[in-house]
Student: 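I have a structure here, written as structure tokens, and I will follow up with some questions on it.
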Amino acid sequence: MNRLTLTLFLLLAAVCVPAADFLPEQQMQDSLLQMLARFTTYMKADFQPCQEPNSVGEACGCFRSNNTMRSNEDGVRSNADLGMVCAFLTKYGRQKAVLPDGISWADLERMAMHSLVFAYSTHKANRLKKCADGRYWGSTSERDHVWESSLWAMSVAYSAWFLWERLTEQQRTYVYQLLKAECNYELERQIPTGYQGDTKAEENGWEVDVLAAALGLFPNDELAPQWRKRMLEFAINCYSHPTDATDTTVVDPASGLRVCDLYHGPNLYPDYTLQNHDYFHTSYQNVVIQELGEAALIATAPSNLPNSSAGRGGAVALLHNCREVCDSVLYWLALSDGELAMPNGNDWSLFLYDQLTSYSTMACLLRDPDALMLEQRAYEMIRHRQQTTPDGSWLLRSDIGARRMGVEAHRVMMTWLLHHQWSTADMKPSTWDDFRQRHSQARLLPCQKVVRGLTPDQFICFGWSEGLKSYTGYIAPQLSNLIVPFKQHNTGNLLGWYEVEGRRINATPAEEPQFLLDGETWTLHGHLLCNDSALDLRFTIHATEGNTVVYTDEVRALADVTILKEKGGLLAISEDEMTSQQRRYHYGPGYVNIDDAFGVVVSPAKQMMLDAPRNNNSVLTALLCTSYDDQPRHYKKGDVVDRRHIMYYSNVNRQQTARLARQPDGTPRPAGTPAR
């Protein structure tokens with residue numbers, strides 16, 4: 001059977017699962033509200049009243065976290081986000097959402113008011129109550145500022161907006177003093193830029209948010225013109241790109257300010273990617289869109305306040321380069337369930353679908369039909385994941401406790417608000433098939449050395465990360481999150497690693513990788529030195545235009561070594577409440593099939609190993625080594641340690657996998673793979 005015949009056979013045999021029907025906007029809105037109402041069980045259990053009121057006698061309370069009532073991010077942000085969600089529900093949820101047993105609207109209003117009082121009382125601008133660590137939180141000037149405090153202040157401002165009619169004039173003044181202090185800092189400080197390792201894109205986004213909040217709540221303030229100019233300046237320097245230096249597009253018709261007038265420097269690489277935490281990270285790549293959408297909302301939407309405007313035009317001006325980031329980067333990494341692929345893994349909870357509000361911003365403000373389609377798929381997965389918890393929380397095994405719950409609720413709430421403000425009811429979403437066809441070509445993100453391909457059967461990616469060095473990827477069969485982004489040491493999925501006596505587990509590049517793209521297919525030739533340069537690994541990954549990924553390698557000893565364990569052909573398999581806790585593994589000579597959906601064939605055949613599921617960034621994950629050996633092996637310098645050939649097939653059942661494993665060893669190989 002030649003490769004073309006094999007591909008056609010597998011395509012015909014593939015399991016096709018139709019996409020869900022598109023849910024009308026109002027039904028999605030109702031569902032989002034009900035999801036937030038279900039979350040109130042968690043919030044009520046998490047709320048803690050203060051034993052003492054603030055210094056002017058106002059009762060207050062705070063949501064628990066890993067640092068309850070303290071002045072740091074975990075303490076302040078968790079309380080601000082959860083209080084904001086309570087305040088939102090009191091404004092928009094009555095007569096629309098059904099609260100769980102044991103929760104009342106009076107409970108929500110009490111928690112919303114008391115957490116807001118605690119937030120503004122403990123800010124440096126008001127000093128009505130100290131945090132549990134004896135400090136106040138927030139920024140007031142260039143000389144007295146705290147990283148990220150503007151993000152927390154934005155959530156406090158949203159709470160005040162939702163509760164505005166219930167606030168006294170004095171309470172509104174406390175909110176004003178808080179926002180004015182934060183904005184004073186924004187007017188004094190330098191706008192940071194820099195894209196290598198630690199972009200300032202996300203940080204500049206939350207500075208836009210606090211300035212927008214001040215404008216939305218206090219549009220007639222004498223400082224409003226300065227806040228607006230600074231807001232636009234920060235917005236331009238979120239997704240700032242080298243081409244902005246010569247971009248003469250007028251951002252503000254009233255003043256004539258152009259992009260180039262406001263540009264300070266790039267926060268994006270030339271290919272529109274960014275790095276945070278020292279590597280390419282799709283959560284950070286997309287979150288700026290969410291931040292700018294939230295800024296647009298509060299700057300234009302508070303209809304219960306004087307001089308507000310719901311116009312789309314001024315809001316769109318904030319979304320600088322959001323379209324370019326989507327079209328150049330994010331949409332090439334979108335999966336069929338609305339997730340964004342993570343070639344280098346992630347350093348927080350997985351399967352959050354936390355790009356939801358970024359999709360909402362693109363759909364509601366830029367009228368993007370692709371975003372509208374992806375948004376609903378992400379919403380469906382968040383809703384599904386919430387159903388796995390007994391108390392309405394968003395996920396089990398949260399990486400950062402209540403703070404993650406607040407962040408996720410924050411996003412669900414903002415999606416509802418964006419649609420409430422700028423309806424998409426008259427829009428027609430893209431279809432997944434059309435979207436996939438427009439993104440079917442193999443693509444390389446050159447600044448990050450990330451390559452990806454998308455076929456009707458699977459998504460396949462690999463990242464050669466330069467900052468926090470790692471060499472890993474994964475395969476995502478369509479309509480399945482079977483395989484989890486995973487890295488350990490600095491390899492992971494596909495490559496795995498060796499344990500060598502007296503050597504550490506690591507990998508460093510011996511030379512630059514070679515990426516070859518041909519239509520829908522791609523090939524990567526890599527060369528790594530492993531285990532403190534004891535082993536030389538030369539490998540090739542070839543992603544076909546069908547359902548097959550071919551891995552071949554040659555491993556040689558660069559010194560006399562004893563290999564204690566081989567963990568090759570690695571796959572991280574989700575065995576989680578959200579995905580499936582009942583994976584079915586079918587083994588045979590040289591092969592394994594999972595759930596009659598995904599097959600692996602290994603030549604020469606070795607034993608395979610599946611470990612017990614463990615918590616991997618909030619997802620229970622089992623590591624499957626398809627080329628495993630735990631018997632000590634001794635090699636002299638120059639010896640060949642392994643020559644492995646591993647085929648990965650999406651959408652094949654156990655019988656098909658067994659037939660593929662019986663094929664002659666002369667199965668065609670991609671050009672340029674190491675000779676046997």
Side-chain angles (χ1 to χ4, degrees), residues 32 35-36 38-40 42-43 46-47 62-68 70 72-89 115 119 137 147-159 201-203 205-206 209-210 213 276-277 281-295 297-298 338-340 342 346-361 375 378-379 381-383 385-386 389 391-418 578 617-619:
L32 290 168
M35 288 161 62
L36 290 166
R38 186 171 183 268
F39 180 58
T40 60
Y42 174 90
M43 291 195 290
D46 193 58
F47 187 76
C62 186
F63 289 92
R64 296 183 184 91
S65 66
N66 294 328
N67 290 272
T68 304
R70 297 176 73 87
N72 61 4
E73 178 190 11
D74 193 72
V76 180
R77 186 180 181 183
S78 303
N79 180 63
D81 274 347
L82 293 170
M84 173 181 65
V85 173
C86 288
F88 165 82
L89 285 168
S115 61
W137 70 274
W147 179 80
E148 203 187 68
S149 70
S150 53
L151 177 62
W152 320 334
M154 183 266 286
S155 294
V156 175
Y158 263 96
S159 291
E202 182 206 22
E203 296 180 26
W206 64 56
D209 285 336
V210 74
N276 213 347
H277 295 187
H281 187 312
T282 48
S283 291
Y284 283 115
Q285 181 78 44
N286 87 82
V287 73
V288 175
I289 303 175
Q290 170 193 323
E291 291 174 322
L292 296 176
E294 292 170 352
L297 267 172
I298 199 163
E339 183 63 291
L340 290 173
M342 299 175 187
N346 200 343
D347 53 0
W348 61 40
S349 291
L350 290 163
F351 296 154
L352 285 173
Y353 302 87
D354 55 9
Q355 60 277 6
L356 174 70
T357 311
S358 295
Y359 291 148
S360 306
T361 298
E375 173 199 50
Y379 139 76
M381 295 306 296
I382 293 173
R383 180 176 179 274
R385 187 163 190 173
Q386 191 191 26
T389 67
D391 59 356
S393 52
W394 302 104
L395 70 160
L396 299 167
R397 298 173 295 276
S398 169
D399 57 338
I400 51 175
R403 177 156 46 113
R404 179 66 65 210
M405 299 305 173
V407 170
E408 198 76 348
H410 179 140
R411 288 172 170 138
V412 171
M413 182 202 83
M414 290 295 182
T415 286
W416 189 94
L417 277 172
L418 281 159
M578 177 193 169
N617 292 347
S618 305
V619 176

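Given the structure is predicted, the values throughout are model-derived calculations rather than measurements. Position 1 is the first residue of the sequence, and the numbers go up from there.
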Student: For the residue pair Thr415 and Tyr379, establish whether any side-chain heavy-atom pair is separated by less than 4.5 Å.
Tutor: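 No, their side chains stay 4.5 Å or more apart.
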
Student: If we only count heavy atoms from C-beta on, is the Leu297 to Tyr158 side-chain gap below 4.5 Å?
Tutor: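 Yes - at least one pair of side-chain heavy atoms lies under 4.5 Å apart.
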
Student: Would you say the side chain of Leu350 lies within less than 4.5 Å of the side chain of Glu339, judging by non-hydrogen atoms?
Tutor: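 Counting from C-beta outward, Glu339 and Leu350 never come under 4.5 Å.
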
Student: If you define the side chain from C-beta out and look only at heavy atoms, does anything of Ser360 sit under 4.5 Å from Arg411?
Tutor: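 No, their side chains stay 4.5 Å or more apart.
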
Student: Which heavy atom in Ala119 sits nearest to a heavy atom in Val156, and how many Å separate them?
Tutor: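 Result for this residue pair: CB-CG2, 3.7 Å.
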
Student: Do any N or O atoms from the side chain of Gln290 and from the backbone of Leu356 form a donor-acceptor pair under 3.5 angstrom?
Tutor: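 Judged by distance alone, no pair lies under 3.5 Å.
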
Student: Identify the heavy atoms of Val76 and Arg70 that sit nearest to each other, and give their distance.
Tutor: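 Taking every non-hydrogen atom into account, CG2-O, 3.5 Å.
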
Student: For the CG atom of Leu82 and the CE atom of Met405, what is their distance to the nearest 0.5 Å?
Tutor: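 So the CG of Leu82 and the CE of Met405 are separated by 9.5 Å.
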
Student: Under a 3.5 Å threshold, yes or no: a donor from one side chain and an acceptor from the other, between Asp81 and His410?
Tutor: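 Side chains of Asp81 and His410: pair found under 3.5 Å.
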
Student: If you measure from CG on Leu340 to CG on Leu352, what distance do you get to the nearest 0.5 Å?
Tutor: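 These two atoms lie 12.0 Å from each other.
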
Student: For Trp137 and Trp152, take the angle between the two ring planes, folded into 0 to 90°, and tell me which bin it lands in: parallel under 30, tilted 30 to 60, perpendicular over 60.
Tutor: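 Judged by the thresholds at 30° and 60°, the geometry between Trp137 and Trp152 is tilted.
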
Student: At their closest point, which heavy atom of Asn79 faces which heavy atom of Cys62, and how far apart are they?
Tutor: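 Asn79 and Cys62 have their closest heavy atoms at OD1-CA, 3.3 Å.
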
Student: Taking side chain as C-beta onward, heavy atoms only, is Cys86 less than 4.5 Å from Phe63?
Tutor: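 Heavy-atom side-chain distance check passes, below 4.5 Å.
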
Student: Using the rule given for side chain to side chain contact (heavy atoms under 4.5 Å, CB included), can you reason through Asn276 versus Glu203, listing the C-alpha separation, both sets of side-chain angles and the distance that settles it, and then say yes or no?
Tutor: CA-CA 11 Å; Asn276 213 347; Glu203 296 180 26; 5.8 Å; no

Student: Any sub-3.5 Å donor-acceptor pair from Thr68's side-chain atoms to Ser65's backbone N or O?
Tutor: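 A pair under 3.5 Å: yes.
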
Student: Could you tell me whether the side chain of Arg77 and the main chain of Glu148 form a donor-acceptor pair under 3.5 Å?
Tutor: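 Checking the backbone N and O of Glu148 against the side chain of Arg77, no donor-acceptor pair under 3.5 Å is found.
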
Student: Yes or no on side chain to side chain contact (heavy atoms under 4.5 Å, CB included) for Val407 and Asp354, after CA distance, side-chain angles and deciding distance?
Tutor: CA-CA 9 Å; Val407 170; Asp354 55 9; over 6 Å; no

Student: Would you say the side-chain atoms of Ser159 pair up with the backbone N or O of Ser155, donor to acceptor, closer than 3.5 Å?
Tutor: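 Checked: pair present.
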
Student: Do side-chain atoms of Asn67 reach the backbone of Asn72 as a donor and acceptor pair under 3.5 angstrom?
Tutor: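 Answer holds: no.
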
Student: Under the salt bridge (charged side-chain N to carboxylate O under 4.0 Å, His left out) rule, collect the residues that match up with Arg403, sequence neighbours excluded.
Tutor: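 With sequence neighbours excluded, Arg403 shows a salt bridge (charged side-chain N to carboxylate O under 4.0 Å, His left out) to Glu73, Asp74, given in chain and number order.
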
Student: How close do Val85 and Ala409 get, heavy atom to heavy atom, and via which atoms?
Tutor: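 For Val85 and Ala409, the tightest heavy-atom pair comes out as CG2-CB, 3.8 Å.
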
Student: Please give me the minimum heavy-atom distance between Leu395 and Arg404, naming the atom from each residue.
Tutor: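 In terms of heavy atoms, the two residues are closest at CD2-CG, 3.9 Å.
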
Student: Report yes if the side chains of Leu418 and Thr357 come closer than 4.5 Å at any heavy-atom pair, otherwise no.
Tutor: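 In contact.
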
Student: Do the ring planes of Tyr353 and Phe351 sit parallel (below 30°), tilted (30 to 60°) or perpendicular (above 60°)?
Tutor: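 The arrangement is parallel - the two ring planes meet at less than 30°.
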
Student: Could you work out, with ring pair (Phe, Tyr, Trp, His ring centres under 6.0 Å) as the rule, every residue matching Phe39, not counting sequence neighbours?
Tutor: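 With sequence neighbours excluded, Phe39 shows a ring pair (Phe, Tyr, Trp, His ring centres under 6.0 Å) to Tyr42, Trp394, given in chain and number order.
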
Student: Just verifying a value: how many Å separate Gln386 CD and Leu396 CG, rounded to the nearest 0.5 Å?
Tutor: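 Spacing of CD (Gln386) from CG (Leu396) equals 11.5 Å.
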
Student: Using side-chain heavy atoms (C-beta onward) and a distance below 4.5 Å, is Met35 in contact with Trp416?
Tutor: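 Counting from C-beta outward, Met35 and Trp416 never come under 4.5 Å.
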
Student: Quick one: closest heavy-atom pair of Ser618 and Arg385, and the distance?
Tutor: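 Shortest heavy-atom separation between Ser618 and Arg385 comes out as O-NH2, 3.2 Å.
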
Student: Using 0.5 Å steps for rounding, measure from the CE atom of Met342 to the CG atom of Asp347.
Tutor: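 Spacing of CE (Met342) from CG (Asp347) equals 9.5 Å.
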
Student: For Arg383, I'd like to know if atom CZ has over 12 heavy atoms of other residues, nucleotides or ligands within 6.0 Å.
Tutor: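 Open: at most 12 neighbouring heavy atoms sit under 6.0 Å from CZ of Arg383.
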
Student: Which label fits Trp348 and Tyr284: parallel for a plane angle under 30°, tilted from 30 to 60°, or perpendicular past 60°?
Tutor: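 Geometry flag for Tyr284 against Trp348: tilted rings.
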
Student: Are Ser349 and Asp399 close enough that a side-chain donor and a side-chain acceptor fall under 3.5 Å?
Tutor: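 Per modelled atom types, Ser349 and Asp399 side chains form a pair under 3.5 Å.
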
Student: Measure the spacing between OG1 of Thr361 and CD of Glu294 and express it to the nearest 0.5 Å.
Tutor: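 That separation rounds to 7.5 Å.
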
Student: Counting C-beta onward and ignoring hydrogens, is there a side-chain heavy-atom pair between Met578 and Val619 closer than 4.5 Å?
Tutor: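 The answer is no, as the side chains (C-beta and beyond) never meet within the 4.5 Å cut-off.
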
